[in-house]
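To keep things clear, I will list the structure first and then write my remarks on it.
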Amino acid sequence: VNNQYRGLSSASFKPEFEALLNRAIAFAGGDKLKVFVVSIPDYGVTPFGQKGDPEKIAKELDVYNQIQKDICEAQGILFIDITPISRNAKTDPELIANDGLHPSAKMYLQWVELMFMDVLSLVKP
């Protein structure tokens, strides 16, 4: 999300993400089945994000997330899309922490519920 927030191009994000993903794979001993990627949540729906251009933020994050998803699919890495849950904060303020930007415990719980079984299957023998 920092790349998008700082206005960096999605073209520069791709090689940076690939390098980070390859580093994660190396940390997993080269086993891609032990690695997963979580999409970037949409902060444009938060009170902080509403001060900017929420539609622009959403569109740009969709591009970044598609880049991640495409790379993950090409490498056989699990990609978990939490972005739709983050967008529920537009109508449920309990999903946002008191700082007006970060996810609340309630949102984290929803993310964990979404990914739990998939991630468990990666770590369970």
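Bear in mind the structure is a predicted one, so any value in this text is a computation, not a measurement. Quick note: numbers below take in every heavy atom, side chains included, and nothing from hydrogens, waters or symmetry partners.
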- Query: When you check the gap from the basic side-chain N to the acidic O, do D81 and R87 get nearer than 4.0 Å?
  - Reply: no

- Message: In the structure I gave you, are the side-chain heavy atoms of S39 and Y64 within less than 4.5 Å of one another anywhere?
- Response: no

- Side chains of I67 and D70: does their closest heavy-atom pair fall under 4.5 Å? no

- So do the side chains of K32 and L78 get within less than 4.5 Å of each other, counting heavy atoms only? no

- Message: Between K106 and D92, does any side-chain N to carboxylate O distance fall below 4.0 Å?
- Response: yes

- What about V123 and M117, same hydrophobic cluster or not, with Ile/Leu/Val/Met/Phe/Trp/Tyr joined at side-chain heavy-atom distances under 4.5 Å? yes

- Would you sort out whether H102 and T46 count as a side-chain contact (heavy atoms from CB on, under 4.5 Å), showing the intermediate values? CA-CA 8 Å; H102 293 95; T46 68; over 6 Å; no

- Measure across I57 and G44 and return the closest heavy-atom pair with its distance rounded to 0.1 Å. CG2-N, 3.8 Å

- Do I82 and I40 touch side chain to side chain, with heavy atoms closer than 4.5 Å? no

- Message: I'd like to know if the side chain of N65 pairs up with that of T83 as donor and acceptor (distance under 3.5 Å, no hydrogens or angles considered).
- Response: yes

- Message: Atom CG of residue position D31 - does it have more than 12 heavy atoms of other residues, nucleotides or ligands inside 6.0 Å?
- Response: yes

- Task: Begin with the C-alpha distance, continue with both residues' side-chain angles, and end with the deciding distance and a verdict on side-chain contact (heavy atoms from CB on, under 4.5 Å) for L122 and K34.
- Result: CA-CA 5 Å; L122 296 178; K34 293 182 180 176; 5.8 Å; no

- Query: Honestly curious: do L101 and V1 fall in one hydrophobic cluster under the side-chain, below-4.5 Å linking rule?
  - Reply: yes

- Query: side-chain contact (heavy atoms from CB on, under 4.5 Å) between M115 and F36: does it pass, once the steps are laid out?
  - Reply: CA-CA 10 Å; M115 68 177 82; F36 66 96; 4.2 Å; yes

- Query: More than 12 foreign heavy atoms under 6.0 Å from CD of Q66: is that the case here?
  - Reply: yes

- Task: Could you label the plane-to-plane angle of the W111 and Y108 rings as parallel, tilted or perpendicular, counting under 30° as parallel and over 60° as perpendicular?
- Result: perpendicular

- Show the numbers, then the answer: is there a side-chain contact (heavy atoms from CB on, under 4.5 Å) between I77 and L33? CA-CA 7 Å; I77 302 289; L33 297 178; over 6 Å; no

- Is the closest side-chain heavy-atom distance between I96 and P47 below 4.5 Å? yes

- Query: Quick one: does N3's side chain have a donor or acceptor within less than 3.5 Å of a partner on L8's backbone?
  - Reply: no

- Identify the heavy atoms of S86 and D42 that sit nearest to each other, and give their distance. OG-N, 2.8 Å

- pair Q110-L95: side-chain heavy atoms closer than 4.5 Å: yes

- F13 and Y5: same hydrophobic cluster, using ILVMFWY side-chain contacts below 4.5 Å? yes

- Message: Please tell me whether Q4 and Y43 have a donor and an acceptor in their side chains that are separated by less than 3.5 angstrom.
- Response: yes

- Message: I need the L21 CG to C72 SG distance, nearest 0.5 Å.
- Response: 5.5 Å

- Do E73 and F79 have side-chain heavy atoms sitting under 4.5 Å apart? no

- Does S9 use its side chain to pair, donor to acceptor, with the backbone of S12 at less than 3.5 Å? yes

- Is I80 linked to F17 within one hydrophobic cluster, defined over Ile, Leu, Val, Met, Phe, Trp and Tyr using a side-chain heavy-atom separation of less than 4.5 Å? no

- Message: With a 4.5 Å cut-off on side-chain heavy-atom distances among I, L, V, M, F, W and Y, is there a chain of contacts connecting V37 to L114?
- Response: no

- At what distance, to the nearest 0.5 angstrom, does CD1 of I85 lie from CE of M107? 8.5 Å

